[in-house]
2 protein chains.
Amino acid sequence: MAWNTERTRELLLAAATEEFSAKGLAGARVDRIAAAAGVNKERIYQYFGKKDELFDAVLAAEMVRVMTEVPITGSGPVAFGEYAGRLFDRHTTDGVLPRLLFWEGLERGGDTVSRATRSDHCAIKVGQVLEVLPGIDRTDAADLLITVITLCDGWPVLPQIDTLLAGSSADRTTRRRAFIVRTATLLAEALAADAKPAPEAALN
Amino acid sequence: MAWNTERTRELLLAAATEEFSAKGLAGARVDRIAAAAGVNKERIYQYFGKKDELFDAVLAAEMVRVMTEVPITGSGPVAFGEYAGRLFDRHTTDGVLPRLLFWEGLERGGDTVSRATRSDHCAIKVGQVLEVLPGIDRTDAADLLITVITLCDGWPVLPQIDTLLAGSSADRTTRRRAFIVRTATLLAEALAADAKPAPEAALN
DNA sequence: CGCAATTCCAACCAGGTAGTTGCAATTGCA
DNA sequence: TGCAATTGCAACTACCTGGTTGGAATTGCG
C-alpha cells in the first residue's frame with residue numbers, strides 16, 4: 001500500500017460539498033470538483049462511483065455534521081426556542097445544508113437513495129425534542145421540528161422573500177431570527193400546555 | 001398581419017411553466033418546451049428573448065395567478081389561519097409556484113431580474129394582512145407572511161422531511177396542514193395581543 | 001533499493017446544449 | 001386572389017458534459 005487515500009477522499013468530499021451546494025446536482029461539474037480538490041478526475045469515479053453517489057455522500061456527511069454541531073439541549077419551551085435560534089445562526093452563516101436539502105427535493109423529487117438512513121437521523125432529533133419538552137405527542141414533536149427546520153432552512157434559500165422587510169441585510173436577518181425564535185417558543189408552549197391540561201392555576 | 005400570435009405566446013408560456021417547474025432553470029430544455037407547446041423553437045427566442053427571460057415571464061405570471069386565486073380575506077387571527085390553510089391546499093395540489101421560487105433562490109442566488117416588481121407584489125399581500133389583523137406592526141405583518149409562505153411553500157419541495165411523520169401520505173399532508181393553520185392562528189393572536197395591550201379583560 | 005498500489009496526464013468518446021440561419025409553407029386581411 | 005406577416009422545418013455552429021482509457025510518474029512499505 002502507499003499514498004494517503006483517506007486524505008484524497010476528504011479533499012474530494014470537501015470540494016464536492018462546495019460545488020453541489022452552489023450549483024446543485026445537475027449544475028455541478030465533475031471537472032470543477034476535481035480541479036478544486038487538486039485531485040484527478042478519475043478518483044471521483046474510483047471512490048464514489050458516479051456523480052449521484054458523490055452527492056449522497058456529501059449530503060449524508062453534512063447532515064451528520066449539523067446535527068452534532070447543533071444539538072437540542074436544556075428543558076422547556078424557551079430552551080427549544082434557543083435551539084431554533086442556534087439552528088438559524090448556523091444556517092445563515094453556512095447555508096450549505098439548507099441548499100443541499102432543497103436541491104435534492106427539487107432535483108430528485110423525494111426519491112432519495114438514503115431515505116431510510118435519513119429517517120433514522122431525523123428520529124434522533126425527534127427524541128431530543130421529546131426530552132426537552134416531556135409529555136408532548138411524538139407526532140407533535142415531529143411537526144414542531146419540521147416547522148423549525150423549514151423556517152430556518154428556507155431563509156437562506158429564499159432571499160427574494162426578504163424584499164418584504166425593510167432595513168439593511170443584517171437588520172433583516174436579526175429580525176427574522178427573533179421572529180423564528182418567538183414562533184418556536186410559542187409553539188412549544190402551546191404543545192406543552194396540551195400535554196398537561198390545567199395542572200391547577202399556574203403561578204404567572 | 002396574420003396568425004394568432006397571442007395563442008402562440010400562451011402555449012409557450014404554459015409549456016415553459018411545466019418544464020421549469022420540473023427541471024429548473026439549468027435543467028430545463030428549450031427544445032422540450034417547444035415540442036410540448038407544439039410550436040417551433042425559434043418562437044421562444046422571438047417572443048421571450050432567451051431562456052432566462054422566459055423563466056422570468058413564467059415566474060411573474062405564476063405569482064400573479066396564485067396571489068389572485070388565494071386572497072387574504074376576513075378578519076381576525078382565525079381568518080388569517082384559514083388563509084394559511086388555503087395557501088397550503090393550493091400549493092399541495094399544484095406545487096408549481098413553490099418549486100419555481102426555490103429554483104430561483106438556488107440557481108440565481110437572489111439576483112432576481114425583477115426584484116423591484118416582486119417587491120411590489122409582496123407589498124400588496126402585506127397590505128391584505130394588515131386589513132385582516134388591524135393594528136399590528138407592518139414589520140410584524142411582513143414577518144408573519146414570510147413565515148406562512150415559507151411553511152406552505154417548503155412542504156411540497158421538501159418531501160424527504162415527512163419521513164419524520166408516520167401514516168399514509170394523505171394522512172401526513174392532512175396533519176401538516178392542521179399544524180400550519182394552528183401555527184398561523186397562534187402567531188396572529190400573539191401579534192394582535194401585542195397591538196392592543198390589555199383592553200380590559202376580554203370576555204373569552 | 002525493489003515493487004506494488006496509487007495517482008497524474010492527456011486525450012478521447014458519445015451525446016447533448018443554447019442559439020442561429022435560410023427557405024418553403026401557411027395564414028388571413030384587403 | 002394577392003401579399004405580407006408568421007410559422008415550420010431541418011440543418012448547423014460552437015461548445016460543454018459525464019465518464020473512460022492507456023501509459024507514465026509518484027509514493028512509501030519491506
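Below, read A as the first sequence line, B as the second, and so on, with proteins coming before strands; counting in each chain starts at 1. This is a predicted model, so every value here is computed, not measured.
Residue Gly49(A) is out of contact with every strand shown, counting any heavy-atom pair closer than 4.0 Å.
Between Arg175(A) and Asp171(A), none of the side-chain N atoms (NZ, or NE/NH1/NH2) sits under 4.0 Å from a carboxylate O, so this pair counts as no salt bridge. With salt bridges taken as basic N to acidic carboxylate O contacts below 4.0 Å, one links Glu62(A) and Arg65(A). Between Asp120(A) and Lys125(A), no side-chain nitrogen of the basic residue sits less than 4.0 Å from a carboxylate oxygen of the acidic one, so the salt-bridge criterion is not met.
What separates NZ of Lys51(B) from P of dA18(C) is a distance of 5 Å, to the nearest Å. Taking atom CD1 on Ile44(B) and atom P on dA18(C), their separation rounds to 9 Å, with Å as the unit. Rounded to an integer number of Å, the gap from Tyr45(B) OH to dC12(D) C1' is 14 Å. In this structure, Leu11(A) places its CG atom 11 Å from P of dT7(C), rounding to the nearest Å. Rounding to whole angstrom units, CD of residue Glu19(B) and C1' of dT17(C) are separated by 13 Å. The distance from atom CD of Glu53(B) to atom C1' of dA18(C) is 14 Å, rounded to the nearest whole Å.
You'll find that the side chain of Tyr47(A) is closest to dT7(C), out of dT20(C), dT7(C), dG19(D).
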Enumerate all atom pairs, one protein N or O and one N or O from nucleotides 9-14 of chain C, separated by less than 3.5 Å.
residue, atom, partner, partner atom, Å
dC9(C), N4, Glu42(A), OE2, 2.4

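Residue Glu18(B) qualifies as open at atom CD: its count of foreign heavy atoms under 6.0 Å is 12 or below.
Contacts between residues 21-34 of chain B and DNA chain C, defined by a heavy-atom separation under 4.0 Å, are made by Ala28(B), Arg29(B), Val30(B), Asp31(B).
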Stepwise salt bridge (charged side-chain N to carboxylate O under 4.0 Å, His left out) check, Arg99(A) with Asp153(A): CA-CA 8 Å; Arg99(A) 295 180 60 87; Asp153(A) 285 40; over 6 Å; no
side-chain hydrogen bond (donor to acceptor under 3.5 Å, both in side chains), that's the test. Do Thr147(B) and Arg176(A) meet it? Break it down for me. CA-CA 9 Å; Thr147(B) 301; Arg176(A) 185 77 194 129; 3.2 Å; yes
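Of the possible polar contacts, one joining the Gln128(B) side chain to the Ile72(B) backbone as a donor-acceptor pair under 3.5 Å is found. For Lys23(A) (side chain) and Glu107(B) (main-chain N/O), no donor-acceptor pair under 3.5 Å exists by modelled atom type. Glu19(B) places no side-chain N or O within 3.5 Å of a backbone atom of Ile33(B) that could act as its donor or acceptor partner.
Note on Gln46(A): a side-chain N or O is less than 4.0 Å away from OP1 or OP2 of dT7(C). For the pair Thr8(B) and dT7(D), the criterion of a side-chain N or O lying under 4.0 Å from OP1 or OP2 is met.
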